[in-house]
Amino acid sequence: MKTIDQIKEKRTVSNELKERVKAMARINRIILTALKENQKTIPEIAAETKLEPQMVTYHLMTLLKYGKIEAGEIDDMDEYYYYKLKK
C-alpha cells in the first residue's frame with residue numbers, strides 16, 4: 001500500500017498552477033477584507049479594491065458557492081445585490 005508521502009513524491013504540480021492558486025487566494029482575501037466592516041455591492045468592492053468588476057464578480061460567486069459570503073438585499077436602483085460575510 002502506498003503512503004501519501006510516496007504519492008506526493010510522484011505527483012508534481014506546475015509552478016504556473018501554484019502561482020495561479022496563490023493569486024486566487026490573495027484576491028479572495030482582499031474581497032473578504034473589504035466585506036469585514038459592512039456589506040457592499042460589486043461596484044463598491046471593485047472601487048475599494050481596485051479590481052475589475054468582472055474579477056470581483058467571479059470571486060464573489062466562488063465565495064458564495066463555498067459558503068464564505070451571502071447575498072443580502074438588492075440596492076435602491078434594483079441593479080446589484082449587497083454581499084456580506086456569512087455569520
Item to check | Spacing of NZ belonging to Lys36 relative to CG belonging to Asn38, to within rounding of 0.5 Å | outcome: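 Going from the NZ atom of Lys36 to the CG atom of Asn38 covers 13.5 Å.
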Item to check | Rounded distance [0.5 Å steps], CD1 in Ile45 versus OG1 in Thr33 | outcome: 11.5 Å
Checklist entry - Between Lys40 and Glu48, which heavy-atom pair has the shortest distance, and what is it? => result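 It is CE-OE1, 2.7 Å.
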Checklist entry - Partners of Lys22 by salt bridge (Lys or Arg N to Asp or Glu O under 4.0 Å), sequence neighbours excluded? => result Glu19
Checklist entry - Out of curiosity, does Leu85 fall in the hydrophobic cluster containing Tyr81 (side-chain heavy atoms, cut-off under 4.5 Å, transitive links)? => result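 Same hydrophobic cluster.
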Item to check | Same cluster (ILVMFWY, side-chain, under 4.5 Å), Ile42 and Ile27 | outcome: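 Yes: a chain of side-chain contacts under 4.5 Å links Ile42 to Ile27.
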Acceptor/donor pairs from residues 69-76 side chains to any protein atom, 3.5 angstrom cut, sequence neighbours excluded:
from: Asp75; atom 1: OD1; to: Met77; atom 2: N; distance (Å): 3.4
from: Asp75; atom 1: OD1; to: Asp78; atom 2: N; distance (Å): 3.0
from: Asp75; atom 1: OD1; to: Glu79; atom 2: N; distance (Å): 2.8
from: Asp75; atom 1: OD1; to: Tyr80; atom 2: N; distance (Å): 3.3

Checklist entry - Taking it one step at a time, do Thr3 and Gln6 satisfy side-chain contact (heavy atoms from CB on, under 4.5 Å)? => result CA-CA 5 Å; Thr3 66; Gln6 290 172 322; 3.5 Å; yes
Only distances under 3.5 Å count here; give the side-chain donor-acceptor pairs of residues 51-63 to other protein atoms, sequence neighbours excluded, each with its distance to 0.1 Å.
from: Thr57; atom 1: OG1; to: Pro53; atom 2: O; distance (Å): 2.9
from: His59; atom 1: ND1; to: Asn28; atom 2: OD1; distance (Å): 2.8
from: Thr62; atom 1: OG1; to: Tyr58; atom 2: O; distance (Å): 3.1

